[in-house]
Amino acid sequence: MLFLEQSVELNDTELEIYNFITANLQKVVYMRIRDLADETHVSTTTILRFCRKFNCSGFSEFRVKLKLYAEKRRRIAIDMSDETTYIDFLKRTAGDEFQEQLQSAVSILRQSELVLFVGIGSSGVIAEYGALYFSSLFTLALHIEDPLNHPFYHLSDKLSDKICLVALSVDGENEDIIRYIHELKTQKCQVISITNSSKSSIARLSDANIAYYINKEMYQDANITSQLPALYTIECIAREIRSQIDSND
């Protein structure tokens, strides 16, 4: 809550002060206490009581902490013009290592009759796209939105060895996906993963892994690493399978 890690209990009047401050951060850091009181239609005493709830002895201390908080929010600049990350990745896709990983995944998927896609956060969005893309090109594919609420118990041997899970994860360490992989592997299902590193837990648990190796990017607490490599890889796999099927017809 602003510069505090924990939430603060505010009454209706204090909540109005809080809403004004959050909407006018750059303005408030240069205000006097009287200015803020006038803007929010309260007394200076109410402002002081508000500041104490944020562990500040007075408005001056509150304003200093607020200024540092505002500067921290602006500190990280994202260079959207740097295309070298994508160019380097695309160059690697023509190399032997990527092509070998791709063919390993294709071999497994060609034997599968049902493909499950799973991912969390932005990887979940790519997983949903992957399920649609695969279903359009060669086989039934489903997106597992919440792996913990989609267990697969008591699968028959005839069915389980025809299921393949495609796990998407940038860091490859998501505990929910790891548990889901363990569950499906006990049912003898195959697992393919698309991760940023082949040394991650999800990659090492997989029967086939395709790693794309791009720089990890964070903005504040959010992981904003590009999903372009995962998207490209999914399309490469599906198109390669479709091409092989058509060649054999």
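None of these values were measured; they are calculated from a predicted model. Numbers here are sequence positions counted from 1.
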Inset, instruction - State, with a plain yes or no, whether a side-chain heavy atom of I120 is found less than 4.5 Å away from one of P147. - result: yes
Legend entry - Minimum-distance pair of heavy atoms, taken over all atoms of S193 and A203: OG-CA, 3.5 Å
Inset, instruction - Please identify each residue that fulfils side chain to side chain contact (heavy atoms under 4.5 Å, CB included) with V8, with sequence neighbours left out. - result: M1, L4, L10, K53, F54
Legend entry - Any residue meeting salt bridge (Lys or Arg N to Asp or Glu O under 4.0 Å) with D35, in chain and number order, not counting sequence neighbours: R32
Legend entry - Residues R242 and D246 bridged, charged N to O under 4.0 Å: yes
Inset, instruction - May I ask you to decide if K27's main-chain N or O and N24's side chain share a donor-acceptor pair within less than 3.5 Å? - result: no
Legend entry - Qualifying ring pair (Phe, Tyr, Trp, His ring centres under 6.0 Å) pairs, either residue in residues 9-30, two or more places apart: none
Legend entry - Interatomic spacing from SG in C189 to CD1 in I181 - rounded to 0.5 Å: 11.5 Å
Inset, instruction - Determine the minimum heavy-atom distance between P229 and S226, stating which atoms define it. - result: CD-O, 3.7 Å
Legend entry - From Q101 atom CD to C236 atom SG, the distance as rounded to the nearest 0.5 Å: 12.0 Å
Inset, instruction - Please report the closest heavy-atom contact between I245 and F138, naming both atoms and the distance. - result: CD1-CB, 3.9 Å
Inset, instruction - Give a yes or no answer on whether the side chain of T46 reaches the backbone of V42 with a donor-acceptor pair at less than 3.5 Å. - result: no
Inset, instruction - Would you check, one step at a time, whether the test side chain to side chain contact (heavy atoms under 4.5 Å, CB included) holds for V191 with H182? - result: CA-CA 10 Å; V191 177; H182 280 302; over 6 Å; no
Legend entry - Contact summary for T44 and I33, nearest pair of heavy atoms: O-CD1, 3.8 Å
Inset, instruction - Check whether any side-chain heavy atom of V115 lies under 4.5 Å from a side-chain heavy atom of V166, and answer yes or no. - result: yes
Inset, instruction - Would you kindly say whether S104 and S107 are connected by a side-chain donor-acceptor distance under 3.5 Å? - result: no
Inset, instruction - Is it possible for you to say whether F59 and L15 belong to one hydrophobic cluster, with membership spreading through side-chain heavy-atom contacts below 4.5 Å? - result: yes
Inset, instruction - Might you confirm whether atom CD of E173 has over 12 heavy atoms from other residues, nucleotides or ligands at distances under 6.0 Å? - result: yes
Inset, instruction - Give, for atom CD1 of I192 and atom OG of S206, the distance between the pair rounded to the nearest 0.5 Å. - result: 8.5 Å
Legend entry - Residue pair R63 / K67, side-chain heavy-atom distance below 4.5 Å: no
Inset, instruction - Before giving the answer on side chain to side chain contact (heavy atoms under 4.5 Å, CB included), spell out for D171 and S169 the whole-Å C-alpha distance, their side-chain angles and the decisive distance to 0.1 Å. - result: CA-CA 6 Å; D171 61 18; S169 177; 3.4 Å; yes
Inset, instruction - Please answer: with hydrophobic residues joined when any side-chain heavy atoms are less than 4.5 Å apart, are I163 and L140 in the same cluster? - result: yes
Inset, instruction - Indicate whether the side chain of N209 and that of T195 have a donor and an acceptor atom separated by less than 3.5 Å. - result: yes
Legend entry - Check: I214 main-chain N/O paired with N196 side-chain donor or acceptor under 3.5 Å: yes
Inset, instruction - Say whether Q227 and S122, considering side chains only, have a donor N or O and an acceptor N or O under 3.5 Å apart. - result: yes
Inset, instruction - Would you check if I178 and I202 make a side-chain contact, meaning some heavy-atom pair closer than 4.5 Å? - result: yes
Legend entry - ILVMFWY cluster, M31 and L2 together (side-chain gap under 4.5 Å): yes
Legend entry - Which residues share a side chain to side chain contact (heavy atoms under 4.5 Å, CB included) with T233, sequence neighbours left out: F89, F98, I194, I210, I237
Inset, instruction - Could you pull out the closest heavy-atom pair between E14 and E9, with the gap in Å? - result: OE1-O, 4.2 Å
Inset, instruction - For the pair R52 (side chain) and G58 (backbone), establish whether a donor and an acceptor sit closer than 3.5 Å, ignoring hydrogens and angles. - result: no
Inset, instruction - First locate atom CD of E240, then atom CD of Q244, and finally report the distance between them rounded to the nearest 0.5 Å. - result: 4.5 Å
Inset, instruction - Working to the nearest 0.5 Å, report the span between OG1 of T22 and CG of L66. - result: 10.0 Å
Legend entry - Under 3.5 Å donor-acceptor, S112 side chain and I108 backbone: yes
Inset, instruction - Find the distance between CG (L102) and CD (Q99) and round it off to the nearest 0.5 Å. - result: 5.5 Å
Inset, instruction - Name all pairs fulfilling the ring pair (Phe, Tyr, Trp, His ring centres under 6.0 Å) condition that reach into residues 99-130, sequence neighbours left out, sorted by first residue then second. - result: F117-F134, Y129-Y133
Inset, instruction - State, without any angle test, whether S198 and Y213 hold a side-chain donor-acceptor pair at a distance under 3.5 Å. - result: yes
Inset, instruction - Go through the structure and list residues passing side chain to side chain contact (heavy atoms under 4.5 Å, CB included) with C56, not counting sequence neighbours. - result: F3, C51, E61, F62, K65
Inset, instruction - May I ask whether L132 and I234 are part of the same hydrophobic cluster, defined by side-chain heavy atoms of I, L, V, M, F, W, Y residues being less than 4.5 angstrom apart, directly or through others? - result: no
Legend entry - Full working for side chain to side chain contact (heavy atoms under 4.5 Å, CB included) between K162 and L114: CA-CA 6 Å; K162 295 297 182 181; L114 173 63; over 6 Å; no
Inset, instruction - Could you tell me whether K185 and D207 make a salt bridge, using a distance below 4.0 angstrom between a side-chain N and a carboxylate O? - result: yes
Inset, instruction - Compare all side-chain heavy atoms of T40 with those of T13 and state whether any distance is below 4.5 angstrom. - result: no
Legend entry - side chain to side chain contact (heavy atoms under 4.5 Å, CB included) between V125 and H143, worked out: CA-CA 9 Å; V125 176; H143 169 224; over 6 Å; no
